[in-house]
Amino acid sequence: MNHFTQFESKELGQELLDLAAAYKANPSLHARKGEGKRIGCIFLNPSLRTRVSTQIAAQQLGMEAIVLNMDKEGWALEMQEGAIMNKGTVEHIKDAAGVLGSYFDILALRAFPSLTQKEEDVTDFVLHQFIKYSGIPVVSLESAIRHPLQSLADQLTIQELSKGDKKPKVVLTWAPHIKAIPHAVANSFAEWTLGMGHDLTICHPEGYELDSEFTHGARITNDQSEALQNADFVYVKNWSAFNEYGKILSTDERWMLTEAHLKNAPEAKVMHCLPVRRNVELSDEILDCPRSLVQQQAYNRIFAAQAVLSKLLG
Ligand code: CP
């Protein structure tokens with residue numbers, strides 16, 4: 001594994017899950033593995049969980065983590081090749097990433113999509129510019145199209161709650177939101193859930209089809225009630241339209257998950273990556289009841305990150 005930016009294989013996924021479970025059982029299992037190494041965590045966008053869990057994970061391996069909130073504290077970056085930099089951007093990615101690559105052993109990057117430049121977003125242009133010019137291993141802390149550390153933590157949570165040999169029914173359901181939200185969490189959840197061999201049903205209103213690159217093999221429906229029947233895990237997430245790129249086509253509050261939606265899914269556990277808009281995406285009654293796995297998912301972010309950093313350290 002040279003970088004950690006997406007799902008690669010079921011074998012590697014299971015290896016990372018086993019390692020994450022081992023770190024959860026004993027966080028100081030390899031407390032000196034990263035001694036003398038530094039990770040640079042570069043944020044072009046806000047974060048709570050990703051920022052703190054990655055720092056804790058690095059600490060638990062003996063690594064030093066340095067966080068740079070590039071959006072607020074760094075120079076405005078120019079990403080385009082051959083740009084004449086006579087406008088707002090101050091530093092070219094070639095120069096900035098080259099410097100960061102010489103300061104750190106691992107670089108971690110959060111870079112959300114524009115949701116306006118579809119062609120650029122779907123190629124994960126900004127992430128790949130950092131990979132290209134830093135010359136060191138890169139970990140995605142959520143890119144334009146994927147959030148693999150979140151997905152690894154989500155798969156760990158599903159593994160912990162799965163019962164015996166029964167294949168769980170996993171449902172990804174769209175939820176309303178007041179803002180245009182990226183596709184990264186939904187894409188990655190589908191990519192990892194299908195990649196790890198689970199059955200996945202995706203439900204959303206018409207017009208909210210995700211990029212088929214991530215959903216091949218899933219059952220896709222516009223009927224939320226039918227999708228939720230006998231579900232074991234229900235992942236709730238908003239995303240903006242992909243075909244009509246970045247648009248909000250619906251705010252239909254009937255799609256907000258409440259206890260009433262789960263009347264035919266008595267065993268269902270409910271997941272969300274957080275942050276969540278309470279009583280818009282998910283009701284208080286769900287978030288505050290034993291069905292909710294959101295705190296467990298967030299806690300597992302530490303061990304998912306620790307497994308990934310450990311694997312990259314070799
Ligand atoms: N789930 C998640 O990535 O949370 P943050 O945006 O707070 O890091």
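Fair warning: this is a prediction, and the values are worked out from it, not measured in the lab. Atoms within each ligand, like the ligands themselves, are counted from 1 in listed order. Each residue takes its place number in the sequence, starting with 1.
Counting the atoms of ligand 1 from 1 in the order shown, those under 4.0 Å from a heavy atom of Cys273 are 1 (N). Near Leu48, the atoms of ligand 1 lying under 4.0 angstrom from a non-hydrogen atom of the residue are 5 (P), 7 (O), 8 (O). If you number the atoms of ligand 1 from 1 as listed, the ones under 4.0 Å from a heavy atom of Arg301 come out as 1 (N), 2 (C), 3 (O). Annotation for ligand 1: atoms under 4.0 Å from non-hydrogen atoms of His147 are 2 (C), 3 (O).
The 12-atom threshold is exceeded at NZ of Lys24, counting heavy atoms of other residues, nucleotides or ligands nearer than 6.0 Å.
Checked against a 3.5 angstrom limit, the closest N/O atoms of Leu274 and ligand 1 fall inside it.
In this structure, Phe303 has its ring center at least 6.0 angstrom away from the ring center of Tyr23.
Arg278 and Asp284 are joined by a salt bridge, as a carboxylate oxygen and a charged side-chain nitrogen come within less than 4.0 angstrom of each other.
Counting heavy atoms only, Arg110 comes closest to atom 6 (O) of ligand 1 of the residues Arg51, Glu142, Arg110, Arg49.
Both the sub-6.0 Å distance and the 45° axial angle are satisfied by Lys118 relative to the ring of Phe242.
Partner of His272 under the side-chain contact (heavy atoms from CB on, under 4.5 Å) criterion, out of Leu282, Val234, Asn238: Leu282 alone.
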